[in-house]
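Next up is a structure, given as structure tokens.
Both ligands and their constituent atoms are indexed starting at 1 by order of listing.
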Amino acid sequence: MGKVLIIGAGGVGSVVAHKCAQARDVFSDITLASRTLEKCEKIAAGLPRPIRTARVDADDSARTAALIYRVKPDLVINVALPYQDLSIMDACLETGVRYMDTANYEPPEEAAFSYKWQWAYRERFRRAGLTALLGCGFDPGVTNIFCAHALKHHFDEIFTIDIMDCNAGVHGHLFATNFNPEINIREVSARGKFWEDGEWKETEPLSVHETFDFPQIGDREMYLMYHEELESLVKHVPGLRRIRFWMTFSQEYLTHLRVLKNVGMTRIDPVSFQGCEIVPLQFLKALLPDPASLAANYRGKTNIGCMIEGVKGGKRRKYYIYNVCDHESAYREVGAQAISYTTGVPAMIGAKMLVTGRWTGAGVFNVEQFDPDPFMADLPHYGLPWTEVFLD
Ligand code: NDP
């Protein structure tokens with residue numbers, strides 16, 4: 001029975017709290033802490049059993065450590081923002097507690113999407129005998145585990161991976177982001193990047209696109225982007241020749257994004273305005289709908305999966321594995337939209353893997369470095385069924 005401290009009371013934090021509270025046989029004690037205590041209290045009031053709440057500024061490692069000393073959890077689940085990853089990892093090292101998150105550390109002044117800062121903690125976690133689990137949401141997270149599952153059960157060698165993320169949901173706003181707007185807009189406005197024949201290749205932002213017929217959704221235009229799981233999968237899938245990441249966007253979303261970028265509203269460097277320094281993207285975030293607030297009116301489905309090609313027993317094989325999640329079902333179950341749901345459920349399962357001792361090890365790990373079987377078995381049980389098909 002595990003005791004967990006969840007940090008971050010946003011869309012994803014709310015789902016993690018719900019799913020941990022539902023799993024009474026796994027999590028005996030839950031504390032939800034965030035910058036705004038009222039958000040934690042509001043989430044706690046909607047849960048099926050009592051949890052503790054606390055206020056914490058996780059940018060402050062010493063205060064976070066003080067909270068961890070008070071709560072004495074077996075594991076800290078970081079679902080605040082990527083900016084807090086290192087200060088929370090420092091606090092975990094100081095207090096001797098395991099760590100996990102769903103997104104790589106981001107320096108506030110640079111959109112980098114790299115694991116290098118967190119991988120640099122490997123030796124410290126190893127020496128402390130502690131596990132740090134990185135990127136345990138859906139993508140990164142389940143998509144990495146899909147690759148590990150394919151490699152373990154269906155391929156001798158994998159040559160190519162295409163991760164395809166489609167959100168065909170409609171929320172009624174002309175422009176909104178499905179998770180934290182600042183992180184989301186940084187991600188989609190960055191240059192595209194993919195791995196091929198031993199090197200990284202770059203493309204202009206959202207300039208490469210293809211139509212794909214997503215099961216249970218239909219044809220959608222998907223755009224090549226860089227995404228952090230490419231960096232870890234290139235290291236952990238031996239012999240990989242090419243890996244790309246694709247995400248679907250509507251024309252309306254792309255038009256808004258283009259205009260916002262052209263007028264400077266997506267800039268992440270401070271600009272002077274009426275005697276104050278403001279970061280345009282942070283100001284834009286204040287104007288956009290809170291992603292969690294989209295949930296009540298969201299209709300439609302997401303489909304996220306991996307198309308994988310390689311060889312098994314000397315024969316070439318093409319394999320597709322995916323999950324479909326319905327926005328309305330997610331809302332009925334935990335009051336969240338499918339993007340928060342598909343991130344929060346794997347975070348809870350990752351926490352379960354650690355607190356029950358199914359995944360152990362001292363150091364900093366990406367999810368594909370562990371045995372995918374218990375995680376894959378839990379996905380449908382906790383609300384994320386998956387389908388696999390052999391295409392040839
Ligand atoms: P939200 O913006 O909805 O929530 C973030 C929460 O973190 C807010 O409650 C915020 O508090 C809190 N927070 C921010 N700064 C601090 C701080 N210094 N100290 C304590 N709490 C803080 O984001 P989401 O819930 O949508 O996303 C959460 C994380 O999940 C992000 O890192 C995101 O990148 C990641 N993610 C991962 C995905 C995956 O598949 N791997 C997919 C989607 C998201 P306040 O409300 O007071 O500002």
Within the 4.0 Å heavy-atom shell around N180, which atoms of ligand 1 are there?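 Answer, ordered by atom number: 2 (O), 23 (O), 26 (O).
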
Close approach, P291 and ligand 1, non-hydrogen under 4.0 angstrom: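 In this structure, P291 fails to qualify as a contact of ligand 1 - no heavy atom is under 4.0 Å.
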
Run the contact test for P140 against ligand 1 with a 4.0 Å cut-off on heavy atoms, strictly below, and give the result.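 Yes.
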
What ring pair (Phe, Tyr, Trp, His ring centres under 6.0 Å) pairs are there with at least one residue in residues 328-369, not counting sequence neighbours?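 Qualifying pairs, neighbours excluded: W359-F370, W359-F375, F365-F370.
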
Short list, please: which atoms of ligand 1 are under 4.0 Å from a heavy atom of K39?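 The atoms of ligand 1 under 4.0 Å from a heavy atom of K39 are 45 (P), 46 (O).
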
R317 charged N/C atom sitting above Y319 aromatic ring, 6.0 Å / 45°: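 R317 over Y319 ring: no.
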
If you define the side chain from C-beta out and look only at heavy atoms, does anything of V345 sit under 4.5 Å from F138?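 No, their side chains stay 4.5 Å or more apart.
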
Please identify which atoms of ligand 1 are closer than 4.0 Å to at least one heavy atom of D57.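 Contacts of ligand 1 toward D57, numbered from 1: 17 (C), 18 (N), 19 (N).
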
Starting from atom 7 (O) of ligand 1, find the nearest protein heavy-atom neighbour and note its residue, name and distance.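 For atom 7 (O) of ligand 1, the nearest protein heavy atom is A80 CA, 3.4 Å.
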
Around atom 27 (O) of ligand 1, find the nearest protein heavy atom and jot down its residue, atom name and distance.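 The closest heavy atom on the protein side is V12 CG2, 3.6 Å.
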
Can you tell me which residue and heavy atom of the protein come closest to atom 35 (C) of ligand 1, and the distance to 0.1 Å?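 Looking only at protein heavy atoms, the one closest to atom 35 (C) of ligand 1 is T102 OG1, 3.3 Å.
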
Ligand-side contact atoms (ligand 1) for residue partner A58, heavy atom cut-off under 4.0 Å: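 Near A58, meaning under 4.0 Å from one of its heavy atoms, ligand 1 has 17 (C), 18 (N), 19 (N), 20 (C).
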
Got a salt bridge between E196 and R241, using NZ or NE/NH1/NH2 to carboxylate O under 4.0 Å?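 So E196 does not pair with R241 through a salt bridge.
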
Does atom NZ of K235 have more than 12 heavy-atom neighbours from other groups under 6.0 Å away?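 No.
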
Check this for me: R358, atom CZ, are more than 12 non-hydrogen atoms of other residues, nucleotides or ligands nearer than 6.0 Å?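 No, not enclosed.
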
For ligand 1, which is the ligand I care about here, please tell me if G13 has any N or O atom under 3.5 Å from one of the ligand's N or O atoms.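 Looking only at distances, the answer is no, because the N/O contact criterion of under 3.5 Å is not met.
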
What atoms of ligand 1 come closer than 4.0 angstrom to any heavy atom of G11?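 Listed by number with element, the hits are 3 (O), 25 (O).
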
Please could you name the atoms of ligand 1 that V56 approaches to less than 4.0 Å, counting only its heavy atoms?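 Under 4.0 Å from V56, ligand 1 has these atoms: 19 (N), 20 (C).
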
Just going by heavy-atom distances, which of Q337, R35, E182, R63 is nearest to atom 21 (N) of ligand 1?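 That would be R35.
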
Measuring from non-hydrogen atoms of A9 to any atom of ligand 1, is the shortest distance under 4.0 Å?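 Under 4.0 Å: yes for A9.
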
Atom 34 (O) of ligand 1: the protein heavy-atom neighbour that sits closest, reported with distance to 0.1 Å: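 Ranking protein heavy atoms by distance from atom 34 (O) of ligand 1, first comes A103 CB, 3.6 Å.
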
Side chain, backbone, both or neither: which part of T36 comes within less than 4.0 Å of ligand 1 when only heavy atoms are counted?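 T36 to ligand 1: contacts from backbone and side chain alike.
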
Within the 3.5 Å criterion, strictly below it, is a donor on N167 or H327 matched to an acceptor on the partner's side chain?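 Judged by distance alone, the side chains do pair up.
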
W386 versus M376, closest heavy-atom pair with distance: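 In this case the closest contact between W386 and M376 is NE1-O, 3.0 Å.
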
For atom CZ of F390, is the number of surrounding heavy atoms from other residues, nucleotides or ligands below 6.0 Å larger than 12?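 Yes, CZ of F390 has more than 12 neighbouring heavy atoms, counting only those of other groups under 6.0 Å.
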
Surrounding NZ of K42 (heavy atoms of other residues, nucleotides or ligands, distance under 6.0 Å), is the total greater than 12?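 Not buried by this count: 12 neighbours or fewer within 6.0 Å.
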
Applying a strict under-4.5 Å side-chain criterion to I, L, V, M, F, W and Y, I'd like to know whether F27 and M353 cluster together.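 The answer is yes; both residues are in one hydrophobic cluster.
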
For ligand 1, which atoms sit closer than 4.0 Å to a heavy atom of G8?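 Counting from 1, the qualifying ligand atoms are 7 (O).
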
Atoms in ligand 1 flagged as close to Q84, the criterion being non-hydrogen separation under 4.0 Å: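 Result: 14 (C), 15 (N), 16 (C), 17 (C), 18 (N).
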
Salt bridge check: are D162 and R244 linked by an N-O gap of less than 4.0 Å?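 Salt bridge between D162 and R244, a charged N being under 4.0 Å from a carboxylate O: yes.
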
Run the contact test for S34 against ligand 1 with a 4.0 Å cut-off on heavy atoms, strictly below, and give the result.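 The answer is yes: ligand 1 sits under 4.0 Å from a heavy atom of S34.
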
